[in-house]
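In what follows, every heavy atom counts, from backbone to side chain, and hydrogens, waters and symmetry copies are set aside.
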Amino acid sequence: MTSHPPRLDVPRVPEMAARLQTTDWSKTPLGPRESWPASLKLIVSVMFASGFPMCVRWGPELVMIYNDGYRSILGARHPHAFGLPFHEAWPEVQEQLRPLHQAILNGTSGAYFAEDLLIRVQRSGSPEWEDARFTLSYSPIPDDAAPNGVGGVLVTVVETTGRVRTEEALRASEERFASIFEQTGAGVLQCELDGRFLLVNRRFCEIVGRTAEELLTLRVPDITHPDYREADAALRRQLVADGIPFSVEKRYLRPDGSEVWVDVNVSLMQSADGTRPQLIGVAQDITERKTAEASLRSKEADLRLVLDSATDGVYCVDTDGVTTMCNAAFLRMLGIAREQDAIGRRLHDVIHHSHPDGSPYPKEECPIYRTARDGVPAHVEYERFFRLDGSSFPVEYWVNPILRDGVRQGAVCTFIDITERRRAQEQQSLLLRELSHRIKNLFAITGGMIALSARTAATPKEYAASLGGRLDALALAHDLILPAAPGEDGPQAEPARLDDLLEKILSPYAGKPNSPDSGRVSMDGPPVALGPQTVTTFALIIHELATNAAKYGALSVEDGRLRITWACDAETLILKWQETGGPPVAGSPKTEGFGTVLSNYSVRVQLGGSLAHDWNAAGLSVELSAPLERLRH
């Protein structure tokens, strides 16, 4: 008859791990699971991976999360106690145990360990009291966000009330232990406090690449990588001092010189004769995991370097629109101080809530969210993003879906600030309109000068000289209004004095000394320095006023006069333009021409000032005011 190896039962899915998934944590003091601290998520994962009775009590309320092994300790209070604060789940033990928890949370006490601790409980569903004994350990769970660096307490507990066993039960238990010891998938070792091996199982031998016989002649430090020996010894000494089990990741050395990463949990135990403490360890081979982590860290570092070196803003969202990644340019352009201020947030209502025309931008219409939801790429040439301070800037952006193993995970958006492009386009458009306007005015001014010169010239020679001088002055004014581009020959927009600028712009109308029309233009005011940008702006404004005066106002007739005065106080320049002797003024024009619109815009936006026109019957009067600080730019 053929014998078969015993068949192992497949363990069922842990009940409490399933309850963790189905519990609505938003109704508890812990809040949604997505917002839990990383340390809480990690310790809960470790707890559910263990069959040892464990309970996590988190936060000021000490909300309870426990594994399957802890259910029997609760008795009839399971499953109602899952997710309850400690004082609601165990009201009768608060006076005895609450101070221990509070001391750990406050950082005034370290871990607590007790054997066969007597605790009176009511857990059978009846009012009867029960004397129960437990061997337990209370360990602080680190959390950087907690006031004292401790987020909660990890309770490791075994009930010892029914520890008495018969000798038969003890022998049966030892036989079962021997079977499990050899068949377990984890490496198990027992050793003296100095690390001398006393017992190892088959899996541990496989991990370290040595036989049991060889290991029993060695100590743990003999197979430990030199980088970890000193720390290893310190942990063992601490374990002997406080009795708290520890877990450490380190490297073992195999006989062939190769290294193996292990995660070892070490606890104290008593020797078989009960005369001295010994160590027992459970080791897991984590070499593949550590190799993968190192590779992932290297790739992530390379990717982060590339992303943070890019000038384009980049950020990713999941299918719900939650930000999962962003680069330094994204943070800088949107005025977000730290990456953690963006990660985990739905930013549409912060940075993309309105169309360029100011109308609301519903999230369901946002191309970024639609790509994350539907997987269709998008390219938008012009929209606006908003900074945290409420200001906005124009952007062009591209959105592509993120797919992993064929499953849509969200979208990545890459955008650029097109402020300079838009400004250049607007300036180009304004320049073309201005050029057209100037050409038309040039012909009109030239025609006026021809007629005026014809009326005042006595001879053809005098006529030619007068007209030529005015055309030369007009060309000079034109150069001031449209300075040469960088790298070209010709006048540049350099700082100048206001009176020099006025004389050059108005020279075509002032007349030559001792000529019949000399004295038509007079100016009076203190020296005022104009910065390179302001020169062109003032030239445009004065040229426009002079052109209109030459076409319709005082400079269009022989007897017309123009007086310009200016004064400065501590902060402001006030310039007055007064025309007299020209054609009668019937009132303000019904419509504003492009030149007037351009002048008003230049004063308001570029100089930060104001321009007022008074169309009185005696002649046009204009007052310009601007901050002196803006004139220096």
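Heavy atoms of other residues, nucleotides or ligands lying less than 6.0 angstrom from CG of Asp389 number more than 12. The neighbour count for Glu95 CD, taken as heavy atoms of other residues, nucleotides or ligands under 6.0 Å away, does not exceed 12. Counting heavy-atom neighbours within 6.0 Å of His80 NE2, excluding the residue itself, gives a total of 12 or less. Within 6.0 Å of atom CZ in Arg404, 12 or fewer heavy atoms from other residues, nucleotides or ligands are found, so the atom counts as exposed in its surroundings.
Between atom CZ of residue Arg98 and atom CG of residue Leu100 there is a gap of 11.5 Å, rounded to the nearest 0.5 Å. To the nearest 0.5 Å, atoms CG (Leu97) and CZ (Phe134) are separated by 9.5 Å. For the atom pair CG (Leu307) and OG1 (Thr414), the distance works out to 8.5 Å, reported to the nearest 0.5 Å. The distance from the CG atom of Asp341 to the SG atom of Cys326 is 9.5 Å, given to the nearest 0.5 Å. Atom CG in Asn327 sits 8.5 Å away from atom CG in Asp312 (nearest 0.5 Å). Annotation: the span from Leu189 atom CG to Leu279 atom CG amounts to 8.5 Å, rounded to 0.5 Å.
In summary, the side chains of Gln278 and Gln270 do not present any donor paired with an acceptor at a separation below 3.5 Å, with no hydrogens or angles considered. For the residue pair Ser247 and Asp263, a side-chain donor N or O sits within less than 3.5 Å of a side-chain acceptor on the partner. No donor-acceptor contact under 3.5 angstrom links the side chains of Gln96 and Arg120, judged on distance only. With 3.5 Å as the limit, one finds a donor-acceptor pair spanning the side chains of Asp116 and Thr160. Side chains of Ser271 and Asp273: a donor on one and an acceptor on the other come within 3.5 Å.
Here the side chains of Leu20 and Trp25 are in contact, with some heavy-atom distance below 4.5 Å. Between Arg346 and Thr323, the closest side-chain pair of non-hydrogen atoms is not below 4.5 Å. Using a 4.5 Å heavy-atom threshold, the side chains of Phe48 and Met16 count as touching. Side-chain atoms of Pro85 and Met64, non-hydrogen and from C-beta on, never get closer than 4.5 Å to each other. Side-chain contact between Val264 and Tyr252: present, with at least one pair of heavy atoms (C-beta onward) separated by less than 4.5 Å. Residues Leu218 and Ile223 have side chains in contact (heavy-atom distance under 4.5 Å, counting atoms from C-beta outward). Taking 4.5 Å as the limit, every side-chain heavy atom of Trp36 sits out of range of all side-chain heavy atoms of Trp58. Annotation: side chain of Pro277 is in contact with side chain of Leu193 (closest heavy-atom distance under 4.5 Å).
When atom types are taken as modelled, the side chain of Arg373 and the backbone of Asp320 share no donor-acceptor pair closer than 3.5 angstrom. Remark: the backbone N or O of Pro367 is paired with a side-chain donor or acceptor of Thr371 at under 3.5 angstrom. Under the 3.5 Å distance criterion, the side-chain polar atoms of Glu92 are matched with a main-chain donor or acceptor of Gln122.
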> Step by step, would you call Asp232 with Val248 a side-chain contact (heavy atoms from CB on, under 4.5 Å)?
Replying inline: CA-CA 8 Å; Asp232 224 16; Val248 62; 4.2 Å; yes

>> Could you go through Val317 and Val322, starting from their C-alpha distance and side-chain angles, then the distance that decides it, and tell me whether this counts as side-chain contact (heavy atoms from CB on, under 4.5 Å)?
In response: CA-CA 5 Å; Val317 297; Val322 176; over 6 Å; no

> Do Asn265 and Gln284 pass the side-chain contact (heavy atoms from CB on, under 4.5 Å) test, and can you show the C-alpha distance, the side-chain angles, and the key distance before you say yes or no?
Replying inline: CA-CA 9 Å; Asn265 288 274; Gln284 296 282 357; over 6 Å; no

> Can you list the steps and then say if Val155 with Arg57 is a side-chain contact (heavy atoms from CB on, under 4.5 Å)?
Replying inline: CA-CA 8 Å; Val155 180; Arg57 295 169 183 164; 3.6 Å; yes

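Using a 4.0 Å cut-off between charged nitrogen and carboxylate oxygen, Asp349 and Lys363 do not count as a salt-bridge pair. Comment: Arg123 engages Glu130 in a salt bridge, judged by a side-chain N to carboxylate O separation of less than 4.0 angstrom. Taking the charged nitrogens against the carboxylate oxygens, Arg251 and Asp227 do have a contact shorter than 4.0 Å, which makes a salt bridge. Residues Glu364 and Arg370 are not paired through a salt bridge, judged by the lack of any N-O separation under 4.0 Å between the basic side chain and the carboxylate.
Taking the six-membered ring where the residue is Trp, the centroids of Tyr66 and His78 are separated by under 6.0 Å. No close placement of the His352 and Phe386 rings is indicated, their centers lying 6.0 Å or farther apart. For Phe385 and Tyr397, the ring centers are positioned less than 6.0 Å apart.
His101 and Tyr138 have tilted rings, their planes meeting at an angle from 30° to 60° on a 0 to 90° scale.
For the pair Lys290 and Trp261, the distance from NZ or CZ to the six-membered ring centre is under 6.0 Å and the angle to the ring normal is within 45 degrees.
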